[in-house]
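Accompanying notes for the structure given below.
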Amino acid sequence: MLLVADPDSTLVDNLTHELESEGIDVTGVFDGAQALLQAGALRPDAVLISASLPIIGPVDFVRAVRLARAVPVLLGVGEGFAEQAMEALAAGATACVARPYRVPELLPLVHAAFRRQGIQRTVLTIGDVALDVTAYQVKVGGRVVHLPLREFELLHYLMRNADRTVTREQIMRHVWHSSDAMSTNTIAVHVKRLRARLGDEDDKLIQTVRGVGYRLVTP
């Protein structure tokens, strides 16, 4: 997972959309205090911060993160922030990238940061469906199928528990990361959308276990 910290909320939203379409899970925040909090809570695989980060600046952020763990920190540098970039690199930032960001330039740095963390690619395959955990990519019959993050996590959970019935409560806990009561219809809607994207028109892959939950069945 990549943590993105930038004061420009529109930039964060656009970058999140583009990176998620490339199979990268992104969490966005807008200042250094939030970034430091989420870096500890989420333990991301890499962090991308702007050199113009407010409240807690990039240099102090890098120093604080380095005290806790060796997560790669990429620094987005725009015009007029060369001094901050040099100080952040001296403090332990991994690399700099031009801001505003261009995804083709950013992606190699992100993937290199992930490799530094020793993230290994894991692919789950059931029938025609292949789910690449690291790339956040799903293929059906060799064709890439783009899934929103929640549906990807739902499919991942069902595939990890193939041929076993999982209850709605288990889905809420492991996919929505919540133990609070949730509308049965909310899960049903996500399952319906996931079936449609996978071409599971007859519900042969993802079966409903009435009154209990769902089961993903291997061919």
Side-chain angles (χ1 to χ4, degrees), residues 1-4 12-13 15-29 34-35 37-48 71 110 114 117-141 143-219:
M1 188 267 284
L2 176 69
L3 175 64
V4 175
V12 172
D13 289 343
L15 185 61
T16 297
H17 176 75
E18 290 185 74
L19 290 177
E20 287 186 341
S21 71
E22 297 289 341
I24 296 174
D25 183 19
V26 178
T27 295
V29 296
Q34 294 177 357
L37 178 65
Q38 294 303 324
L42 301 177
R43 298 185 66 81
D45 302 300
V47 181
L48 172 64
V71 59
V110 172
F114 285 176
Q117 293 296 85
I119 302 172
Q120 301 298 317
R121 175 160 291 186
T122 301
V123 179
L124 302 179
T125 303
I126 295 178
D128 291 335
V129 180
L131 182 147
D132 189 324
V133 178
T134 304
Y136 270 78
Q137 185 180 77
V138 173
K139 292 183 179 180
V140 178
R143 176 179 58 88
V144 175
V145 175
H146 295 288
L147 298 182
L149 178 59
R150 191 73 73 185
E151 290 173 27
F152 180 93
E153 292 180 343
L154 175 59
L155 178 61
H156 185 201
Y157 183 64
L158 291 172
M159 290 181 75
R160 285 192 289 116
N161 292 277
D163 294 319
R164 289 187 289 183
T165 298
V166 293
T167 67
R168 294 180 179 87
E169 291 76 15
Q170 289 174 317
I171 292 173
M172 282 188 284
R173 187 165 61 252
H174 292 280
V175 178
W176 271 263
H177 308 291
S178 172
S179 58
D180 296 336
M182 179 181 294
S183 168
T184 299
N185 187 58
T186 299
I187 298 176
V189 167
H190 280 79
V191 170
K192 181 178 180 180
R193 290 173 179 168
L194 179 58
R195 284 169 170 158
R197 296 182 202 277
L198 298 178
D200 185 24
E201 299 175 355
D202 300 323
D203 302 352
K204 290 182 178 179
L205 177 65
I206 302 175
Q207 298 180 349
T208 300
V209 180
R210 193 172 299 279
V212 180
Y214 298 91
R215 179 173 57 238
L216 187 143
V217 181
T218 56

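Along the sequence shown, residues are numbered consecutively beginning with 1. Since the model is a prediction, treat every value here as computed from it, not as a measurement. Values below: every heavy atom of this structure, side chains too, minus hydrogens, waters and symmetry copies.
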Taking Asp163 for its side chain and Thr218 for its backbone only, find out whether a donor-acceptor pair lies under 3.5 Å. yes
Verdict with supporting geometry, Val217 and Lys204, side-chain contact (heavy atoms from CB on, under 4.5 Å): CA-CA 7 Å; Val217 181; Lys204 290 182 178 179; over 6 Å; no
Check the surroundings of atom CG in Asp128: do more than 12 heavy atoms from other residues, nucleotides or ligands lie under 6.0 Å from it? no
Output all residues satisfying side chain to side chain donor-acceptor pair (under 3.5 Å) with Asp13, sequence neighbours left out; order by chain, then residue number. none
For Asp200 and Ile206, which heavy atoms make the closest approach, and how far apart are they? OD2-N, 3.0 Å
Write down the atom of Gly211, the atom of Arg168, and the distance for their closest heavy-atom approach. C-NH1, 3.6 Å
Hey, can you tell me if His174 and Tyr157 have their rings parallel, tilted or perpendicular (30° and 60° cut-offs)? parallel
Listed by chain and number, what are the ring pair (Phe, Tyr, Trp, His ring centres under 6.0 Å) partners of His156, not counting sequence neighbours? none
Quick one: does Leu194's side chain get under 4.5 Å of His190's, heavy atoms only? no
List the atom of Ala130, the atom of Val123, and the distance in Å for their closest heavy-atom pair. CB-CG1, 4.2 Å
For a side-chain contact (heavy atoms from CB on, under 4.5 Å) check, start with the C-alpha distance between Tyr214 and Leu154, then their side-chain angles and the critical distance, and finish with the verdict. CA-CA 11 Å; Tyr214 298 91; Leu154 175 59; over 6 Å; no
Does Leu205 reach the side chain of Arg195, with side-chain heavy atoms less than 4.5 Å apart? no
Arg215 side, atom CZ; Asn161 side, atom CG - distance, nearest 0.5 Å: 12.5 Å
Hey, does Pro219 have a side-chain heavy atom less than 4.5 Å from the side chain of Ile126? yes
Measure the spacing between CZ of Arg193 and CG of Leu147 and express it to the nearest 0.5 Å. 12.5 Å
What's the separation between atom OG1 in Thr165 and atom CD in Gln207, rounded to the nearest 0.5 Å? 8.5 Å
Do you know the tightest heavy-atom contact between Val29 and Gln34? CB-OE1, 3.4 Å
Is any side-chain heavy atom of Leu198 less than 4.5 Å from a side-chain heavy atom of Leu155? yes
Does any part of the side chain of Phe152, heavy atoms only, come nearer than 4.5 Å to the side chain of Asp25, both counted from C-beta? no
dist Leu149:CG -> Ile24:CD1 (nearest 0.5 Å) comes out at 12.5 Å
State, with a plain yes or no, whether a side-chain heavy atom of Leu2 is found less than 4.5 Å away from one of Leu48. yes
Quick one: are Arg150 and Trp176 in side-chain contact, heavy atoms under 4.5 Å? yes
Once you round to the nearest 0.5 Å, how far does CD1 of Ile187 lie from CD of Glu169? 7.5 Å
Arg197: what forms a side chain to side chain donor-acceptor pair (under 3.5 Å) with it, not counting sequence neighbours? Glu151
Heavy-atom closest pair (Arg164 atom, Arg160 atom, distance to 0.1 Å) is NH2-O, 3.6 Å
